[in-house]
Amino acid sequence: MNEVNIRRAESRDYPRVSALMDELHRMHVEARPDIYRPLQPRMSQQEFEDLLNAEDRYLYVAEATEGEICGYGSAQLNKIQNVELLMDRDVLFINEIIIDQMHRGRHIGQKMMAVLVELGNELQADHLELTVASFNQGAQEFYEKLGLVVRSSRMEYILS
């Protein structure tokens with residue numbers, strides 16, 4: 001693979017984005033079948049189209065010079081206002097970043113994050129946030145290397 005370009009996703013990207021979403025979801029199902037239901041596809045074409053057209057959603061793909069889609073990232077701008085307990089702020093929340101397994105280790109994820117950080121700055125967001133499952137050690141290490149820090153942990157006690 002030569003150069004990779006990060007660009008806004010388009011409707012024609014759905015088949016490859018869907019395959020990447022399936023890959024990510026499969027990992028979640030395998031790690032936590034008590035929580036995640038097996039779905040195929042994980043995202044319908046209509047859901048993808050709706051996200052593409054949503055005003056507060058930002059979808060990107062990593063495209064190799066050969067035209068192959070090898071990564072996907074999405075984020076949404078959340079405006080937190082008039083919540084008594086919380087300070088008003090704008091948060092760019094990263095919903096997912098997925099890099100095809102065959103293309104990992106080539107700094108594509110870093111490029112995707114750089115684009116999302118730049119987007120956060122353009123939108124004048126105060127924070128960039130995301131959630132990482134505790135079983136996804138590789139993702140946790142990746143984000144920590146980029147300077148993200150753990151703000152809180154969600155804990156559970158399985159009752160049955």
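As the structure is a prediction and not an experimental result, all values here were calculated from the model. Reckoned from all heavy atoms, side chains included, excluding hydrogens, waters and symmetry mates.
The side-chain heavy atoms of Tyr72 and Glu23, taken from C-beta on, include no pair separated by under 4.5 Å. Between Leu52 and Glu10, every side-chain heavy-atom pair lies at or beyond the 4.5 Å cut-off. Side-chain atoms of Tyr36 and Glu30, non-hydrogen and from C-beta on, never get closer than 4.5 Å to each other. Under the 4.5 Å side-chain criterion, counting only non-hydrogen atoms from C-beta, Glu49 is in contact with Ser11.
With hydrophobic clusters built from ILVMFWY side chains whose heavy atoms lie under 4.5 angstrom apart, Met87 does not share a cluster with Val91. Grouping the Ile, Leu, Val, Met, Phe, Trp and Tyr side chains by contacts below 4.5 angstrom, directly or via other members, places Val132 with Ile99. Note on Leu123: it clusters hydrophobically with Val115, by side-chain heavy-atom contacts below 4.5 Å among ILVMFWY residues. Under a hydrophobic clustering in which Ile, Leu, Val, Met, Phe, Trp and Tyr are joined whenever their side-chain heavy atoms come within less than 4.5 Å, directly or via other members, Leu51 and Ile98 fall into the same cluster. Both Leu119 and Leu128 belong to a common hydrophobic cluster when Ile, Leu, Val, Met, Phe, Trp and Tyr are linked at side-chain heavy-atom distances under 4.5 angstrom.
Taking NE2 of His28 as the start and NE2 of His25 as the end, the distance is 9.0 Å to the nearest 0.5 Å. Atom-to-atom distance recorded for Leu39:CG and Arg26:CZ is 11.5 Å, nearest 0.5 angstrom. Between the CZ atom in Arg37 and the CD1 atom in Ile35 there is a gap of 12.5 Å [rounded to 0.5 Å]. The line from CD1 of Ile108 to CD1 of Ile97 is 12.0 Å long, rounded to the nearest 0.5 Å. The OG1 atom of Thr131 lies 9.0 Å from the CG atom of Asn95; values are rounded to the nearest 0.5 Å. For the atom pair CG of Leu59 and CZ of Phe48, the computed distance is 5.5 Å after rounding to the nearest 0.5 Å.
Under the 6.0 Å distance and 45° angle rule, Arg32 does not count as a cation-pi partner of Phe135.
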Requested in this report: List the steps and the verdict of side chain to side chain contact (heavy atoms under 4.5 Å, CB included) for Asp34 and Ile158.
Outcome: CA-CA 10 Å; Asp34 58 319; Ile158 300 173; 3.9 Å; yes
Requested in this report: Could you walk me through whether Arg7 and Val61 pass side chain to side chain contact (heavy atoms under 4.5 Å, CB included), step by step?
Outcome: CA-CA 6 Å; Arg7 63 167 174 80; Val61 293; 3.5 Å; yes
Requested in this report: Apply salt bridge (charged side-chain N to carboxylate O under 4.0 Å, His left out) to the pair Asp100 and Arg106, showing each step before the final yes or no.
Outcome: CA-CA 11 Å; Asp100 184 286; Arg106 298 180 181 178; over 6 Å; no
Report task. Tell me, with the steps shown, if Glu96 and Arg42 meet salt bridge (charged side-chain N to carboxylate O under 4.0 Å, His left out). Result -> CA-CA 13 Å; Glu96 58 263 321; Arg42 160 59 187 84; 5.2 Å; no
Requested in this report: Apply side chain to side chain contact (heavy atoms under 4.5 Å, CB included) to Phe93 and His127, showing your working.
Outcome: CA-CA 8 Å; Phe93 187 83; His127 293 82; over 6 Å; no
Requested in this report: Check the pair Asn136 / Tyr143 against side chain to side chain contact (heavy atoms under 4.5 Å, CB included), numbers first and verdict last.
Outcome: CA-CA 11 Å; Asn136 196 345; Tyr143 293 122; over 6 Å; no
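For the residue pair Ala62 and Val4, the shortest heavy atom distance occurs at CB-CG1, 3.7 Å. Annotation for Ala64 and Cys70: closest pair N-SG, 4.5 Å, computed over non-hydrogen atoms. When all heavy atoms of Leu92 and Ala75 are compared, the closest pair comes out as CD1-CB, 3.8 Å. In this structure, Met112 and Tyr60 approach most closely via the heavy-atom pair SD-CB, 3.7 Å.
Between Lys111 and Glu118 there is no salt bridge, since none of the side-chain N atoms of the basic residue sits less than 4.0 Å from a carboxylate O of the acidic one. A salt bridge is absent between Asp88 and Lys79; no separation between the charged side-chain nitrogens and carboxylate oxygens falls under 4.0 Å. Ionic pairing of Glu129 and Arg89 is present here: one or more N-O contacts between side-chain nitrogen and carboxylate oxygen are shorter than 4.0 angstrom.
Between the side chains of Gln46 and Asp50, at least one donor N or O sits under 3.5 Å from an acceptor N or O. Side-chain N/O atoms of Gln40 and Asp22 include a donor and acceptor closer than 3.5 Å. Between the side chains of Asn78 and Gln76, at least one donor-acceptor pair of N or O atoms lies under 3.5 Å. Under the 3.5 Å distance criterion, with hydrogens and angles disregarded, a donor-acceptor pair is assigned to the side chains of His103 and Glu68.
With hydrogens and angles ignored, the 3.5 Å screen pairs a side-chain donor or acceptor of Asp126 with a backbone N or O of Asp90. Put simply, the side chain of Arg57 never gets that close to the backbone of Ser74: no donor and acceptor are under 3.5 Å apart. With hydrogens and angles disregarded, a donor-acceptor distance shorter than 3.5 Å links the side chain of Gln140 to the backbone of Ser134. Panel note: side chain Arg16, backbone Ile69; a donor-acceptor pair is recorded below 3.5 Å.
For Gln124, the CD atom is loosely surrounded, since the number of other residues' heavy atoms within 6.0 Å does not exceed 12. Applying the 6.0 Å contact sphere to CZ of Arg12 captures more than 12 heavy atoms from other residues, nucleotides or ligands.
With respect to Leu116, the side-chain contact (heavy atoms from CB on, under 4.5 Å) criterion is satisfied by exactly one of Ile6, Ile94, Asn121: Ile94.
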